[in-house]
Amino acid sequence: MVESLTAVRVRHWRLTSQTMYRESLRKVATLRGTDTGQALPRRQGRDCNLAAMEIREVAVIGLGTMGAGIAEVFARAGIGVVAMDVDATALSRGIGTLDASLSRAVTRGRLTAAEQAQIRGRVRSATGFSEAAAVDLAVEVVPERMEIKREIFAELDRVCSPDAILATNTSSISVTAIAAASKHPGRVVGMHFFNPAPVMRLVEVVSTVLTTDGVVATVSDLARQIGKTPVHVFDRAGFIANALLLPYLNHALYLMASGYGSREDIDLAATAGIGLPMGPLALLDLIGLDTALSIMEVLHGEFGLPRYNPTPLLRRLSDAGLTGRKAGRGIYDYAEAGSDDHHKGNEHAPAAAPKHVTLIGAGDDVEAELASAMATAGINVTRNAAHPTDLVLIAAEAGRPVLPAALAAGRPEQSVGLKVIGKLAAGRLAEVVQTSLSSAEAIAAGTALATKLGLIPIHAPDRPGFLVGQLLYAHLADAVRMCQDGYSNPIEIDTAMKLGCGYPQGPFELIDAAGAETVLTGLEAMHEAYGYPEFAPPPLLAEHAAAAIPFSAGPRPGR
Ligand code: CAA
């Protein structure tokens, strides 16, 4: 049988580590002595107190993008790093990533050249496991394959002191399964960083049923020491952040694949509409479509709901090797220098803004705001549908379809809806809602009108949630369900999404800002239209809506 590449790589590591074991132990001991002035007192045996442990040297195993970023984070915090990868080529590529990141920081004036040299001096390259013999913590950041991880933890068990902590950065393999395969399962935890590791401030510290007391505290303290915020979670597929983020990204890709929205409009809906730092499709490319697929498969395996079924296009792009930024092409194309093509924005055909508009609304503030903005922009507005105008504009509202109003106006071909996200002001996102009867001219006129009002137009079909609600409401429902399941709470979930994924507001802050009632109504309309279980409003959301209790109020007495 042909030996797999993995087996060869792992065997290579093992052989290298065997031959270098004694020599490197001596070197590491010397290095530790000169670095710190004194060797750390080592605790021995099974009853060691891992809580009191100080972490002075860390091994980072696997120097891909994440591993290099994690090594940088430790070195910047004054911690010695033994940087390891399968071979010299992979190692020097990883060190190159780290060097490029530090040089960028110097160029931007964030680091001095002297600081750069100091940080770099803390990173020692190693190709053999034996060089990790004296570390206090090893963090594994290798590809998401259980057999590779098992081999690595076996090597770490062999070379590391029994009281060293072993961590995995896995996002899609059970930490419990990795721990169970280790000789000392009590010291194995998840230490889950976020991409880009030097920037994102969250570390999920993942414990298992096997974790020894004190390990979580030590790793959480370390996370604080390196400038991150730890959130402790119990081992469960996706932990907090990925379990919420990935289904939302997967759903966004489904919306693109099904033609519900264009690539650019979907990303704009998230950035300009919800205020997220990246659109879901650009973020999928950053994370890697292969990584995203693995996480979705694990979520589906654990929870089994249709929400976690990977969108076929995710699998196809991944199969094709179009895995995103790292491959030069994924959902967007990064191949040509500077062709970061998602910055192009949406590409709606320019048209002349209409001069005469019929405005149909519910007689509320939304309609009044639109009327006043159009008047200010020099557009003649009438409320009488019988007047001949260039466009019939329906002031669209979540949970209220546009088509009945367009039919009632008697000119459905000339009608589109307009839904402004938030209060109408320049720079806001506007959904130009098209019914199945809207003509291309009406859609173009509605788009031009939104642009004339200083809004950022995107196109959405006349379906419940339009585009922003389609992306957001099911995502918020997932967060509520995670809380309802007792897995986490609103504060930790909000912290995880803000620090791990750069959300300006966490899911519960978003619900409180919109009102639980609004989110509930949106979900009810989507659930009624589609019947998908992911749109079913969680009872906890309905309770908060009925009692008008914000999630920020904390748990109710008796909960
Ligand atoms: N490596 C190092 N630093 C980086 C970086 C990278 N890849 N990308 C950006 N930065 C730094 C920049 O150097 C800059 O720092 P300075 O201000 O010191 O110069 C800073 O971050 C801001 O960068 P930019 O101005 O270029 O870009 P931005 O303001 O658009 O921010 C971003 C970029 C931080 C990536 C932001 O878009 C963001 O927060 N996006 C969300 C990312 C996210 O969701 N990550 C989690 C993914 S899920 C995951 O990782 C878990 C998993 O298991 C899959």
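Each ligand, and each atom within it, is numbered from 1 in the order the structure gives. Throughout, residue positions are numbered sequentially from 1 according to the sequence presented. What you see is a predicted model, and the numbers here were worked out from it, not measured in a lab.
Taking the centre and axis of the six-membered ring of Tyr487, the NZ or CZ atom of Arg236 falls inside the cone set by 45° and 6.0 Å.
Ligand 1 places these atoms under 4.0 Å from at least one heavy atom of Arg104: 1 (N), 2 (C), 3 (N), 4 (C), 6 (C), 13 (O). Atoms of ligand 1 found under 4.0 Å from any heavy atom of Arg108, numbered from 1 in the order shown, are 12 (C), 13 (O), 14 (C), 16 (P), 19 (O). Close approach of ligand 1 to Ser171 is summarised as follows: ligand atoms under 4.0 Å from at least one heavy atom of the residue are 53 (O). The ligand atoms of ligand 1 that sit less than 4.0 angstrom from a heavy atom of Val199 are 3 (N), 4 (C), 10 (N), 11 (C), 21 (O), 34 (C). Less than 4.0 angstrom separates some heavy atom of Leu283 from each of these atoms of ligand 1: 42 (C), 43 (C), 44 (O). Close approach of ligand 1 to Cys501 (heavy-atom distance below 4.0 Å) involves ligand atoms 41 (C), 43 (C), 44 (O). Taking every non-hydrogen atom of Leu245 and a distance limit under 4.0 Å, the qualifying atoms of ligand 1 come out as 48 (S).
Protein heavy atom closest to atom 39 (O) of ligand 1, with residue, atom name and distance, is Met200 CE, 3.5 Å. Nearest protein neighbour of atom 54 (C) of ligand 1, counting heavy atoms only, is Ile287 CG2, 3.5 Å. Protein heavy atom at the shortest distance from atom 37 (O) of ligand 1 is Met278 CG, 3.4 Å. For atom 45 (N) of ligand 1, the closest heavy atom belonging to the protein is Asn195 O, 2.7 Å. Considering only non-hydrogen protein atoms, atom 35 (C) of ligand 1 sits nearest to Pro196 CD, 3.8 Å. Of the protein's heavy atoms, Arg110 NE, 3.5 Å lies nearest to atom 16 (P) of ligand 1. Among all protein heavy atoms, the one lying closest to atom 53 (O) of ligand 1 is His192 NE2, 2.8 Å.
Residue nearest to atom 38 (C) of ligand 1, selected from Pro277, Ser172, Gly500, Pro198: Pro277 (by heavy-atom distance). If you check each of Phe194, Phe193, Tyr503 against atom 49 (C) of ligand 1, the one with the closest non-hydrogen atom is Phe194.
Between the side chain of Asp494 and the main chain of Phe508, a donor-acceptor pair closer than 3.5 Å is present.
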**OP:** Decide side-chain hydrogen bond (donor to acceptor under 3.5 Å, both in side chains) for Asp235 and Thr176; before the verdict, give the C-alpha distance in whole Å, the side-chain angles of both, and the deciding distance to 0.1 Å.
**Re:** CA-CA 7 Å; Asp235 187 23; Thr176 311; 2.5 Å; yes
**OP:** Show your working on side-chain hydrogen bond (donor to acceptor under 3.5 Å, both in side chains) between Thr208 and Thr211 and close with a plain yes or no.
**Re:** CA-CA 5 Å; Thr208 75; Thr211 310; 3.3 Å; yes
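Phe194 has its ring centre less than 6.0 Å from the ring centre of His192. Taking the six-membered ring for Trp, Tyr308 and His300 have ring centres at least 6.0 Å apart.
Less than 4.0 angstrom separates atom 32 (C) of ligand 1 from none of the non-hydrogen atoms of the protein. The presence of a protein heavy atom under 4.0 Å from atom 27 (O) of ligand 1 is ruled out. Closer than 4.0 Å to atom 23 (O) of ligand 1 lies none of the heavy atoms of the protein. Note that atom 14 (C) of ligand 1 has protein non-hydrogen atoms nearby, at separations under 4.0 angstrom.
The OH atom of Tyr532 sits 12.0 Å away from the CZ atom of Arg307 when rounded to the nearest 0.5 Å. In this structure, the separation between CZ on Arg325 and CD1 on Ile331 is 11.5 Å, given to the nearest 0.5 Å. In this structure, OG in Ser207 is found 2.5 Å from NE2 in His232, a value given to the nearest 0.5 Å.
For CZ of Arg122, the number of neighbouring non-hydrogen atoms (other residues, nucleotides, ligands) closer than 6.0 Å is greater than 12.
Between Asn242 and ligand 1, at least one pair of N/O atoms sits closer than 3.5 Å. Considering backbone and side-chain N/O of Thr291, none are found under 3.5 Å from N/O of ligand 1.
Between Thr229 and Leu499 there is a side-chain heavy-atom pair separated by less than 4.5 Å. Between Val420 and Leu453 there is no side-chain heavy-atom pair separated by less than 4.5 Å.
Ring-plane geometry between Tyr248 and His475 is classed as parallel, the angle between the planes falling under 30 degrees on a 0 to 90 degree scale with a further cut at 60.
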